[in-house]
Amino acid sequence: PRPFGEIPGLWTKVLQMTEAFFAQESPRASGSNTLISVLIRAVVSSVLATISSLIWGGTQMAFLPPEYREAMAVGAGSNVVCSLCSTLIGAAIGFYLSNGLVYLGARIFGGTGNFTTQAYLVSLFTVPVGIVSGLVGLVPCVGLIAVLAVSVYAVVLNVRAVKVAHNLTTGQAVAAVLVPALVIGVLVACLAVVMVAILGPAIGNVFENIVTNLE
């Protein structure tokens, strides 16, 4: 494994991460280097997300009446702390959870690699991509388009990393990366439909009571 001091130099090569690049790094996989990279990305992402929420929150508060601005300002500090902590924990857990699902998909489609190698290769681009996404996300409108472009490129890199880590074809790697996400999306959509069907009448009654009381 590389000393971690060499890892940030690899992050700067995010635009040069071809299959050959991942193949060269594959034998140097390190679980500890992966964890450190993930924690760094989680910290940076949580800080940038908090800054973004402060910017957008401040913009929205500017259009509110004074009494509402005062009420929101009281809880602003605790909201920032909660946002920082939740984003920090969510980013770290999300990395390993998403990689676990992709690893399962890779094994289903015939992959022969191990989780440590896959997670290490993915972590090499996750940090720079996460930082860039967080920075461009601070810019209204244009930032949203840039984040979308960066996300698409991240999927391309993910396919390359999984292909190398598990000795798959391009089609198998694409399926391993996308199928778990599609399955989860379908399950979440079904759950949302069920929740709406169950809670819909109750929510409707609440609004009816509110309207009745106002009258």
Side-chain angles (χ1 to χ4, degrees), residues 1-49 85-137 147 149-185:
R2 290 181 179 275
F4 184 77
E6 298 179 3
I7 299 299
L10 299 178
W11 297 342
T12 63
K13 300 179 180 180
V14 66
L15 297 178
Q16 306 169 24
M17 292 184 177
T18 61
E19 291 179 19
F21 172 89
F22 288 123
Q24 183 177 356
E25 283 299 314
S26 181
R28 312 194 74 169
S30 166
S32 60
N33 283 345
T34 301
L35 178 59
I36 295 172
S37 298
V38 170
L39 293 178
I40 291 175
R41 190 250 180 175
V43 170
V44 175
S45 296
S46 61
V47 170
L48 291 176
C85 293
S86 61
T87 306
L88 178 61
I89 296 173
I93 295 177
F95 175 86
Y96 285 102
L97 180 60
S98 61
N99 269 279
L101 293 173
V102 172
Y103 175 76
L104 178 61
R107 300 295 290 186
I108 291 174
F109 288 101
T112 57
N114 58 70
F115 180 81
T116 300
T117 300
Q118 174 194 310
Y120 170 73
L121 296 181
V122 172
S123 72
L124 294 179
F125 66 83
T126 294
V127 176
V129 165
I131 293 174
V132 172
S133 296
L135 290 174
V136 298
V147 168
V150 171
S151 300
V152 172
Y153 183 59
V155 172
V156 173
L157 294 180
N158 204 0
V159 169
R160 292 175 182 172
V162 170
K163 179 180 179 179
V164 170
H166 294 283
N167 194 29
L168 298 172
T169 64
T170 300
Q172 290 172 324
V174 170
V177 170
L178 297 183
V179 168
L182 292 175
V183 171
I184 292 175

#### Entry: Min side-chain heavy-atom separation V44-V127 under 4.5 Å
no
### Query
Under 3.5 Å, is there a donor-acceptor pair between the side chain of S151 and the main chain of V147?
yes
### Message
I'd like to know whether Y96 forms a side-chain contact (heavy atoms from CB on, under 4.5 Å) with F115, so could you lay out the CA-CA distance, the side-chain angles of the two residues, the decisive distance to 0.1 Å, and finally the verdict.
### Response
CA-CA 10 Å; Y96 285 102; F115 180 81; 4.0 Å; yes
#### Entry: F125 to V14 - nearest heavy-atom pair and separation
CB-CG2, 4.2 Å
### Task
For the pair Q118 (side chain) and G113 (backbone), establish whether a donor and an acceptor sit closer than 3.5 Å, ignoring hydrogens and angles.
no
### Task
State whether the side chain of N158 and the backbone N or O of A154 hold a donor-acceptor pair below 3.5 Å, judged by distance alone.
no
### Task
Would you confirm whether S45, through its side chain, and A42, through its main-chain N or O, come within 3.5 Å as a donor-acceptor pair?
no
### Query
Backbone N or O of M17 within a donor-acceptor pair of the R160 side chain at under 3.5 Å?
yes
### Task
Flag the pair T169 / F109 as yes when at least one side-chain heavy-atom distance between them is below 4.5 Å, and no otherwise.
no
### Query
What residues form a side chain to side chain contact (heavy atoms under 4.5 Å, CB included) with L104, not counting sequence neighbours?
I108
#### Entry: E6 side chain vs P3 backbone, donor-acceptor pair below 3.5 Å
no
### Query
In Å and rounded to the nearest 0.5 Å, what is the CG to CZ distance from L124 to R2?
8.5 Å
### Message
To the nearest 0.5 Å, what is the distance between CG on L97 and CD1 on I184?
### Response
6.5 Å
### All side chain to side chain contact (heavy atoms under 4.5 Å, CB included) counterparts of A106, not counting sequence neighbours
V162, H166, L168, A176
### Query
Which atom pair, heavy atoms only, marks the closest approach of N114 to T117?
OD1-N, 2.8 Å
### Message
A side-chain contact here means heavy atoms from C-beta on lying under 4.5 Å apart; do W11 and I40 qualify?
### Response
yes
### Query
Could you state the interatomic distance from CZ (F4) to OG1 (T34), rounded to the nearest 0.5 Å?
9.5 Å
### Query
Which atom pair, heavy atoms only, marks the closest approach of T126 to F95?
OG1-CE1, 3.7 Å
### Task
Taking all heavy atoms of Q16 and all of F21, pick out the closest pair and write down the distance.
O-CB, 3.8 Å
### Closest non-hydrogen atom pair, A92 against V38
CA-CG1, 3.9 Å
### Query
Can any side-chain N or O of N33 pair as donor or acceptor with the backbone N or O of Y120 at less than 3.5 Å?
no
### Summary
Correct closest heavy-atom pair for L121 and E25 would be CD2-CB, 4.0 Å
